[in-house]
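Every chain is numbered from 1, with letters handed out A, B, ... down the list of sequences. Remember, it's a predicted structure, so these values are computed and weren't measured experimentally.
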Amino acid sequence: MKLAGRLMSRRIMGKASFAELQDAQGRIQIYLNRDEICPGEDKTLYNDVFKKLSDIGDFIGIEGYVFRTQVGEISVHVTSFTFLSKSIRPLPIVKRDEAGNVYDGFNDPEQRYRMRYVDLVVNPQVRETFRMRSKLVQTMREHFNQLGCLEVETPILQPLYGGAAARPFKTHHNALDMTLYLRIANELYLKRLIVGGFDGVYEFSKDFRNEGMSRFHNPEFTQVELYVAYKDYQWMMDMTEELLEKVAINLHGTPEVQVGEHTISFQRPFARFTMYGAIQHFTGHDISEMDEAALRNLCKELKVETDNSMGRAKLIDEIFGTHCEPKLIQPTFITDYPVEMSPLAKKHRDNPHLVERFELICNGKEVANSFSELNDPLDQRARFEEQLTMGLRGDEEAMMLDEDFLRALEFGMPPTAGIGIGIDRLAMIMTNQPSIQEVLFFPHIRPEKEG
RNA sequence: GAUUCGAUAGCUCAGCUGGUAGAGCAUAACACUUUUAAUGUUAGGGUCCUGGGUUCGAGCCCCAGUCGAAUCACCA
């Protein structure tokens, strides 16, 4: 057999040596014997090239046959040896004993993130995390394709940013001498495609938000957004359950996933609460009839911080975020949000003060956000105008009015269900990682100083 | 942006009331034909994150800064 890979350890015993070769699949032990590799008088290849010039980290190629050593380890008996490529920097050596204890680990997060290539070479569990992330995305893509949806690409550079509440990154196009924004979401473009006649579209999209960083936030992050015509948010909830159950089973062979100290089950069906129901459940207060002033008082009582730019919707969001969200560990749908919080969602069929919207909360964090999409152009215009008012009042995240998007709606959009799923957050849960940096190959980090 | 903690050899980490730096692995050399955290002997390796200050003397104490982590705030 022939193999190529990176030399990860060497045990030289005179004329015989053992070493470990690592490739993308894993590691295997190889056995080299001087007189077999160098059958003639010239022993340079073994004595100099292998013993003296090779270092851990170098790439070599071998031919040989598989055998079992005296101690019982499956190894490759090398019959020919080729030096392929040199590592001129010392690779951190991570050693493991038989019990699996790690010695001299390459653990410093700063170094691991700055030199992810080294992290990946040396820490197999890191490679495994990223394989799982890839499989997660693959499973989702297959699922959407099976639904008959079309994978599409929409602009990252946008003249107007929209589709979410966030501060954008701003850039400048020289030839057109105009401001462009990096997208914070792709919602409004995907809906234009539904107007254009596609029944289902989705896009895995890098979005950019110019906000704080934490172990849950990176300035650029990945979302998948999916829009399906002639469906509503109830359908989307069922789809989401099915999807996530499938993802968990594909990754772990079971719908149960260990996340930190919790075992999270993605077995259908997930728990469901209305927004008001959840707040009543966790705080004991029925806020469904409260106006802004009453809510403000309640916030004070519940020790929820507020400021004057916050309207009724934001106040409710704060109460939920403080008192409900952190307690929701198992996947839970929160439905029926107040209309002011959701300028792109369709009004609830039974209650004009609510919208047909759900968020999926899991491990205390939002993982998905979905609604029956607002397709009434007159209502949409009114909602945008309300956002402008919020903006004037100091809400930096209020949405901008997008005339072209309104024009698209005026041509008619079928009833549509849409969802955005945070891939990084979901990957954190599905791979049991405590921080977003662990599921991004190259998380944002301040540049190193010169020298 | 705030608070707390951290930064010492390529990697993991010690270090003393403040007296000029130590281990293991890695590296180099020698020995060794079935080892596996190989082993034995020997050797080299440091601007103790940066800049100031206190002191006869600072890796250690004080001040300022850089970078990272955790928590908080904004957000997904």
Kindly determine whether A/F441 and A/F130 satisfy ring-ring contact (aromatic ring centres under 6.0 Å, His included), including the steps that lead there. CA-CA 8 Å; A/F441 275 125; A/F130 286 100; 4.0 Å; yes
Under 4.0 Å, heavy atoms only, any strand: does [X] hit a base, just the sugar-phosphate, or nothing?
| X | result |
| --- | --- |
| A/G105 | sugar-phosphate |
| A/D108 | sugar-phosphate |
| A/R209 | base |
| A/R34 | nothing |
| A/N218 | base |
| A/D424 | nothing |
| A/A165 | sugar-phosphate |

A/R114 side chain: which of B/C11, B/C74, B/C67 is closest?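 Nearest listed nucleotide: B/C67.
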Whenever both distances are under 3.5 Å in a Watson-Crick or G-U wobble pair, mark it; put RNA chain B into dot-bracket that way, with [ ] for crossing pairs and | when the partner is on another strand. (((((((..((((.....[..)))).(((((.......))))).....(((((..]....))))))))))))....
Would [X] count as a cation-pi partner of [Y], with NZ or CZ less than 6.0 Å from the six-membered ring centre and within 45° of the ring normal?
| X | Y | result |
| --- | --- | --- |
| A/R10 | A/F50 | yes |
| A/K365 | A/F216 | yes |
| A/R116 | A/F442 | no |
| A/R141 | A/F144 | no |

To the nearest Å, how far apart are [X] [atom1] and [N] [atom2]?
| X | N | atom1 | atom2 | answer |
| --- | --- | --- | --- | --- |
| A/E318 | B/C72 | CD | P | 14 Å |
| A/F216 | B/C74 | CZ | P | 15 Å |
| A/R167 | B/A73 | CZ | P | 16 Å |
| A/H444 | B/C67 | NE2 | C1' | 13 Å |
| A/R116 | B/G68 | CZ | P | 15 Å |
| A/I445 | B/A70 | CD1 | P | 11 Å |

[atom1] atom, [N] versus [M]: distance in rounded Å?
| N | M | atom1 | answer |
| --- | --- | --- | --- |
| B/G44 | B/C25 | C1' | 16 Å |
| B/C62 | B/U55 | C1' | 12 Å |
| B/G68 | B/C63 | P | 23 Å |
| B/U8 | B/G22 | C1' | 10 Å |

Once each nucleotide of nucleotides 31-40 of chain B is scored for protein heavy atoms under 4.0 Å, what B/S/- sequence comes out, 5' to 3'? -BBBBBBB--
Quick one: does A/S75's side chain have a donor or acceptor within less than 3.5 Å of a partner on A/E73's backbone?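 Indeed, once roles are kept as given, a pair shorter than 3.5 Å links the two residues.
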Under 4.0 Å: is that the gap between some side-chain N or O of A/Q111 and OP1 or OP2 of B/C11?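 For B/C11, OP1 or OP2 has a side-chain N or O of A/Q111 closer than 4.0 Å.
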Within this structure, what is the CG-CZ distance for the pair A/L21 and A/R27, rounded to the nearest 0.5 Å?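 Here the rounded value is 10.0 Å.
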Both A/D317 and A/Q437 contact RNA chain B. Taking the nearest nucleotide for each, which residue is further toward the 5' end?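 The answer here is A/Q437.
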Distance-only side-chain donor-acceptor flag, A/N432 / A/Q258, under 3.5 Å: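 Side-chain D/A pair, A/N432 to A/Q258: absent.
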Is the distance between the ring centroids of A/H323 and A/F282 less than 6.0 Å?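 Ring-ring flag for A/H323/A/F282: false, centres at least 6.0 Å apart.
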Verdict with reasoning, A/Y233 to A/F371, per ring-ring contact (aromatic ring centres under 6.0 Å, His included): CA-CA 5 Å; A/Y233 78 135; A/F371 13 95; 9.6 Å; no
